[in-house]
Every structure is written in structure tokens, then in C-alpha cells.
Number of protein chains: 2
Amino acid sequence: MGFAAQLPAAGGFLEQLEAARSLEDLQAVSEALRAHYGVDHLVYHWVSASGEQYGCGTYSPDWVQRYIEKGYLRIDPVVQGCFQRFHPVDWKRLDWSSKAARAFQKDAIAHGVGNQGFSIPIRGPNGQFALFTVSHSCPDEDWAQFTALHRRDMILMAHTFNEKALDLEPGRRPEAAQPLSPREIEALTLLAVGYSRAQVAETLAISEHTLRVYVESARFKLGAMNTVHAVARALSRGLIVV
Amino acid sequence: MGFAAQLPAAGGFLEQLEAARSLEDLQAVSEALRAHYGVDHLVYHWVSASGEQYGCGTYSPDWVQRYIEKGYLRIDPVVQGCFQRFHPVDWKRLDWSSKAARAFQKDAIAHGVGNQGFSIPIRGPNGQFALFTVSHSCPDEDWAQFTALHRRDMILMAHTFNEKALDLEPGRRPEAAQPLSPREIEALTLLAVGYSRAQVAETLAISEHTLRVYVESARFKLGAMNTVHAVARALSRGLIVV
DNA sequence: TTTTACCTCCCCAGAAATGGCGGGGGTGCC
DNA sequence: GGCACCCCCGCCATTTCTGGGGAGGTAAAA
């Protein structure tokens, strides 16, 4: 199968990770980890709300380039699936049924990504989202054994990569979430669950005009151009929950 | 100082956690973990933005009751701080300066929560948020030593508690995602970033009426009552990314 | 092959949202 | 006391969205 079956927890690499001083260091550690675990790839990948992405890992520059150029972010079942999920997930459990997904999969394998994968979603405040992935090429049983063995290590690595990446890229941090007033939150929340403005006003027992003031105020705070935008921003910044 | 200084990783309790079949089991394991680490408290606490909360842990029922009744959720610096943070955090690094926060702190200590604490924020899709906390009463240096030693264990416990809690409360999970057509996704995405319907139509180079058909179709698929609702659902189900 | 889903376009009229103007009262901070 | 913010309300007109019809073509799945 190729990868080491039994190793000490994270093999002391977590310390190396924690000592990283730059993205290049992270890159080097990910290469070392990849070799240590004997897998094909090991990647930390940050996806911002606006679609920009960066990260470090062992994918070939070719593949990374292609991924971005082709807009694979929008069809990659790993990203899509993890985005909707709470927990680490084996790629086999994702939905590869769509044609686009299968085409993507084929392309990915052709670029050496491997047929097996295990990805961990990581989130921060305001909808920040990153992925930590280990991928390999091997039979299902071997992979199942590997993931069972190293699941915890991978969780810790995911955490540590995320922590370091954020430390090293302070510019990527979210805009300061401008706090919304309680009423504004209530208003946007009710709008987000489908109430019309009139219904929201009735629910909050205020005049429709007052409601409008809240929504406008929230729009302003969020830098939104209209209500849809405001609700979307409030949602993706974690200011409201539906 | 009272707690065990050197222990094997998570002391085999992670397996117990993974075997839990009910919230009561989780409760029991948290009690065992608390004893194992020799700390005052160990709590997993789920917080939804709508204010409902549940969890398991070793806080006294009195304190839990009081916390809910007093609406401490809104002033608890641990919750507030972790909600805006990426990483695990020591309570000392939080902002306790406000009057409400200090009153809360005093009350918490009076209820045996402890003067030291370490909390890990955990997030799911759609802004779901939970906290895993270990608290204790001891001098700063001892606590620093404890957190340094067991930080990784705590991260793994946080993950596992979260995983099990979600498994055991399937009602808390988001609904399955209904697939949208590419055009529908484009339409909703552009709407979510603030474009008006006319602008979206122009951007997609289609007539405004065609766009309307997409939005209506998406609304129908998502079971949404209006555009705002549709965008909110698409966002929170991870069907679109802003 | 038939069905299904997707994409595209058109009209109309009523409902809803927005933008701008004005007013009031309350709290808490410097 | 002034300032900032939160909470609440009214009227105007305009723009935008929504809901009900209709049509036709392609491409993939059953």
C-alpha cells in the first residue's frame, strides 16, 4: 500500500508546524508530512467567501493552476461536500454522480491527486472556510485502514495548519464584523427565513416603516446594496443564522 | 495543583466517547474525563444564534439553570470571544473589562466554575457554533502548564464531543441539499452579492424574464417563499458561495 | 423513443421594496 | 451637556419584484 501503518502521533511534526515562520515553511512541513505518512498528497486549502483561495501542500503547480483556471472550486465535490458538512469525510462518501463531478474526478486523478482522499472542513468566524486534505492512490480497504489509524492526527494537523496559516496571513482575516443591533438581527433573520417585510413588521410588532429603518441601517452597516445582499452578508459573516 | 500532570493522549476516553449512544452517555464520559484530568469542569455546549442551547458537562444544574435564566449567553465573554475567534483560547485572553462581564465572572466563580478556563470554538456549516470548555480553579502558572500539556487532547475531545452530539441529535442537522442548475446557481450567486435582477440578467447576457424563470425555479426547488429566502437557503446549504 | 430537465424569450398587472423627507423618546459614554 | 446609538412612527413617489399566463429549442436520461 505504500504508507506507514503505525506511527507515533503526528510524529513530532506538529512541533515543526507550530514553529513555522512563513508559508514556505508550511509548504516544507507539508512535504515532510506527506513523506512521513507515505501518501500521495497533503494539502491545506483556504477558500474565502469571495472565491479566492490559497494554501499550501503537495499538489503539483500544474494541478493547482488548472484547478483555479477551470473554476473547479464550483464543481469540486470535496469543497461542496465539506462545505455542507460538520465532520471530516472520506471522499468516497461524497456525491460524485453529476457529470461535472465525474469529469473533475477524472481530471484530478490524471493530475496525480489520487483516487482516495480524506478531507477535514475547518471554519472560522464569519463563514471562513478551509480544507485540510490527505489524498492517495490505493485500494479502498487500505485507505479505510489508513484513515482509521490517522484520523486524529489529521484533525490535529488540520487545526495546526489552519492556525499557522492564519497567523502568517493576517491580511486574510475577515473584515471586522460590524455588530448589528438586536432588532436588526431579528429583522434580517426573519427576512432570511422567508418573511415579507410586512410579516416581519407584524412579527416584531412594529410598523413597517420602523422595520425599514432597521433593514436600511443593517444594509448600511454591512455595506450591502440591497436586502438580498444584506441578508447574504449577514449569513456568511455568521451574524445571523437560519 | 490537583490535576494530573502527565497522561497518555486522551487516556483512551476518546474511544468511550465514540461509543456513546445517548446524551446521557456523553454526560457520563464528560464526568469521567473531568475526574481523569483532575479539573473542576469539562463542558460541551451548543449555541445557536437563535439563543437555544444544549450540551453536556459537569457544571452544576444550578449554574446551567441560572445561566439560561439570566440570559448570560449574551454577555458571557467566553461565548462572545470564541464566536469571533478562530482558535482555542485561554479565558485570560478574553475581554472581561465590561461591567456585565465582571459581574458574570463573579457569579460564575461563585457557582464553582473556576477562575481558569480554556475554550475551543467549533463550527459547522451555516454558522452553527459550539464550545468545548475545560475550567478549573488554580494559579495561572499551573493552568498554563496544564493547557500546554493537554491542548491537543482538548482539541480532539472537542471534535469528538461535537461529532457525537450531532450524531445523537439528528434534528439539529441541516436539510439535504437539493441540486440547482448551473444557471440557477449563477443567478442566485449574483443576487447574493448585491446585483439587482436587471444587473444579473445583463451579466448573464439573458433577458430579465429568463432570469426570473431561474430565480422562480430555484425558489421552488429550495422551498423558498421569496428571493431573499431562496438566497439564504442556498447559502446556508452551501449551494452557493459568496 | 419518450420523457425529463434545462435554457431562452414574451406580455401584463398587482404586490412589494426602496429612497427620501420629517418627527419623537430612551440609554450610556466622555 | 453633547454625542452616538438604539428604538419607534408617518407620508410621499418611484423602482423593482412577483405571479399568472404563453412559446420553443436542445441535450441528456429512462
Side-chain angles (χ1 to χ4, degrees), chain A residues 74-75 95-103 176-234 239, chain B residues 74-75 95 97-103 177-234 239:
Chain A
R74 303 229 172 248
I75 51 174
D95 176 22
W96 297 90
S97 61
S98 89
K99 215 173 59 174
R102 272 194 301 260
Q178 219 153 350
L180 298 178
S181 81
R183 279 311 229 189
E184 287 160 359
I185 290 174
E186 288 180 294
L188 288 190
T189 302
L190 290 171
L191 286 174
V193 296
Y195 285 32
S196 74
R197 230 165 48 171
Q199 289 174 307
V200 176
E202 199 193 340
T203 306
L204 297 181
I206 55 178
S207 82
E208 206 176 322
H209 181 90
T210 302
L211 173 74
R212 252 181 53 194
V213 175
Y214 293 152
V215 177
E216 270 168 39
S217 161
R219 255 209 316 263
F220 180 74
K221 288 184 184 172
L222 295 166
M225 328 186 67
N226 53 46
T227 303
V228 178
H229 196 192
V231 169
R233 288 208 154 166
L239 298 171
Chain B
R74 306 233 170 247
I75 52 175
D95 176 22
S97 61
S98 89
K99 215 169 57 176
R102 270 194 301 260
Q178 218 153 349
L180 298 177
S181 83
R183 279 312 228 189
E184 287 159 359
I185 291 175
E186 287 180 294
L188 287 190
T189 303
L190 291 172
L191 286 174
V193 296
Y195 285 31
S196 74
R197 226 164 52 170
Q199 288 176 307
V200 175
E202 199 193 340
T203 306
L204 297 181
I206 55 178
S207 81
E208 208 176 320
H209 275 94
T210 303
L211 172 74
R212 247 183 55 194
V213 176
Y214 295 152
V215 178
E216 269 168 40
S217 162
R219 256 208 315 264
F220 180 76
K221 287 184 186 173
L222 295 166
M225 326 186 68
N226 52 47
T227 304
V228 178
H229 195 192
V231 169
R233 287 208 154 167
L239 298 171

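In what follows, chains carry the letters A, B, and so on, assigned in the order in which the sequence lines appear, proteins first and then strands, with residues in each chain numbered from 1.
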Colleague: Using atom CG of B:Leu191 as one end and atom C1' of C:dA17 as the other, report the distance to the nearest whole Å.
Modeller: 14 Å
Colleague: In chain order, what residues pass the side-chain hydrogen bond (donor to acceptor under 3.5 Å, both in side chains) check against A:Ser217, with sequence neighbours excluded?
Modeller: A:Glu184
Colleague: Pairs under 3.5 angstrom, nitrogen or oxygen only, protein versus nucleotides 26-30 of chain D, please.
Modeller:
none

Colleague: Let me see the working for A:Leu222 and A:Leu188 under side chain to side chain contact (heavy atoms under 4.5 Å, CB included), right down to the final yes or no.
Modeller: CA-CA 11 Å; A:Leu222 295 166; A:Leu188 288 190; 3.9 Å; yes
Colleague: Within the structure, does a side-chain N or O atom of A:Ser181 lie under 4.0 Å from either OP1 or OP2 of D:dC5?
Modeller: no
Colleague: Please tabulate, one pair per line, each protein N/O and nucleotide N/O from nucleotides 24-30 of chain C that are separated by under 3.5 Å, including the distance.
Modeller:
none

Colleague: So which of residues 221-231 of chain A are in contact with DNA chain C, with a heavy-atom cut-off of under 4.0 Å?
Modeller: A:Thr227
Colleague: Enter the distance from A:Arg183:CZ to A:Glu186:CD here, rounded to the nearest 0.5 Å.
Modeller: 5.0 Å
Colleague: Roughly, in whole Å, what's the span from OH in A:Tyr195 to P in C:dA17?
Modeller: 14 Å
Colleague: If you count every heavy atom of other residues, nucleotides or ligands that lies below 6.0 Å from B:Gln199 atom CD, does the total exceed 12?
Modeller: yes
Colleague: Going from CG on B:Leu191 to OG1 on A:Thr227, what distance comes out if it is rounded to the nearest 0.5 angstrom?
Modeller: 12.0 Å
Colleague: Among residues at least two apart in sequence or on other chains, which ones pass side-chain hydrogen bond (donor to acceptor under 3.5 Å, both in side chains) with A:Thr203?
Modeller: none
Colleague: May I ask you to decide if A:Gly194's main-chain N or O and B:Arg233's side chain share a donor-acceptor pair within less than 3.5 Å?
Modeller: no
Colleague: Between P on C:dA16 and CG on A:Leu190, what's the gap in Å once rounded to a whole number?
Modeller: 17 Å
Colleague: Not counting sequence neighbours, which residues clear side chain to side chain contact (heavy atoms under 4.5 Å, CB included) with A:Glu216? List them please.
Modeller: A:Arg212, A:Arg219
Colleague: I need the CD-P distance between B:Glu184 and C:dA5, as an integer number of Å.
Modeller: 12 Å
Colleague: Under the side chain to side chain contact (heavy atoms under 4.5 Å, CB included) rule, what do B:Val200 and B:Tyr214 come out as? Steps first, then yes or no, please.
Modeller: CA-CA 11 Å; B:Val200 175; B:Tyr214 295 152; over 6 Å; no
Colleague: Check this one for me: any side-chain N or O of B:Arg183 less than 4.0 Å away from OP1 or OP2 of C:dA5?
Modeller: no
Colleague: Run the salt bridge (charged side-chain N to carboxylate O under 4.0 Å, His left out) test against B:Glu208 and tell me which residues pass, sequence neighbours left out.
Modeller: B:Arg197
Colleague: Rounded to the nearest Å, what distance is computed from the CZ atom of residue A:Phe220 to the P atom of nucleotide C:dG19?
Modeller: 13 Å
Colleague: Sequence neighbours excluded, which residues qualify as side chain to side chain contact (heavy atoms under 4.5 Å, CB included) partners of B:Ala192?
Modeller: A:Ala232, B:Val231, B:Ile240, B:Val242
Colleague: Expected output is a numbered-order residue list: members of residues 199-216 of chain B with a heavy atom under 4.0 Å from any atom of DNA chain C. What is it?
Modeller: B:Ile206, B:Ser207, B:His209, B:Thr210, B:Arg212, B:Val213, B:Tyr214
Colleague: What's the spacing between A:Tyr195 OH and A:Leu204 CG if we round to 0.5 Å?
Modeller: 9.5 Å
Colleague: CD1/B:Ile185 to CG/B:Leu180 distance, rounded to the nearest 0.5 angstrom?
Modeller: 5.5 Å
